Every structure is written in structure tokens, then in C-alpha cells.
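Before any comments, here is the structure.
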Amino acid sequence: AGESAVAVSALTGEGMDALVDAIERNLARHSATRAFRVPAADGALVSWLYRNTEVLRRTDDAEGNVHMTVRIPPVNEADTLLRAGVYLEE
């Protein structure tokens, strides 16, 4: 078996946890992680980020902003930056 191969038993399901871990590692390796500060009033954008990215962390501040760290799949990166790029945190 190669380095990326994971053995899974179709009969018992043994190895499924290792398979899921390998898939998650592979997806993370090819995804961008970005931090945004979105006005809480822009609930539509916050909702869009939840639907189209993996939200890794969210905090709300006293000034009415939602700070979100998200993992963006490659297929959604351009659209995410078009929609939320103005709110990127450096």
C-alpha cells in the first residue's frame, strides 16, 4: 500500500476513522485558511461563510463585528474573496 492508502474493512468498518482522518488532512492541505472581520449586521455574509467554508473559529466583539477564521476549499476561494475580501484581517 502507498503512503496515501488506507485499509478499510467493508465487513467490520475497521479503518474508517483512519480514512476520515486521511481525507481531512488532504483537504486541509489544499485549502486556504483566512481570517475575516465581518460586521454582525451583514448576517447574509456570515451565513454564506458558514455554508461555503469550514468555520474554524468565531468570536463576536463589543463593536459589533464577527471575527471568523475559515478554511476555504479551492473551489470556493475566488468566490469567497470576492464576497468577503474587503473584510480580510491581516
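Just so it is clear, the structure is predicted and the values come from calculations on it, not from any experiment.
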Distance in Å, T53 OG1 paired with W48 CH2, rounded so as to fall on 0.5 Å steps
7.0 Å

Using a 4.5 Å cut-off on heavy atoms from C-beta on, say whether the side chain of Y50 contacts that of V70.
no

Could you tell me if the side chain of L88 sits less than 4.5 Å from the side chain of L81, heavy atoms only?
yes

Output for pair (T33 OG1, R71 CZ), nearest 0.5 Å, gives 5.5 Å

Give, for atom CZ of R58 and atom OG1 of T69, the distance between the pair rounded to the nearest 0.5 Å.
12.0 Å

When rounded to the nearest 0.5 Å, the distance separating CG of L49 from CZ of F36 is 6.0 Å

Check ion pair R34-E89 (N to O, under 4.0 angstrom):
no

Are V86 and L45 grouped together when hydrophobic residues (ILVMFWY) are joined by side-chain heavy atoms under 4.5 angstrom apart?
yes

Does V20 belong to the same Ile/Leu/Val/Met/Phe/Trp/Tyr cluster as V8, with side-chain heavy atoms less than 4.5 Å apart forming each link?
no

Heavy-atom check, side chain of Y87 versus side chain of D42, under 4.5 Å:
yes

Would you give the length of the straight line joining atom OG of S31 to atom CD of E77, rounded to the nearest 0.5 angstrom?
8.5 Å

Decide if atom CZ of R51 counts as having more than 12 heavy atoms of other residues, nucleotides or ligands within a radius under 6.0 Å.
yes

Only one of I72, D79, N76 passes side-chain contact (heavy atoms from CB on, under 4.5 Å) with N52; say which it is.
N76

Rounded to the nearest 0.5 Å, what separates atom NE2 in H67 from atom CG in D60?
8.0 Å

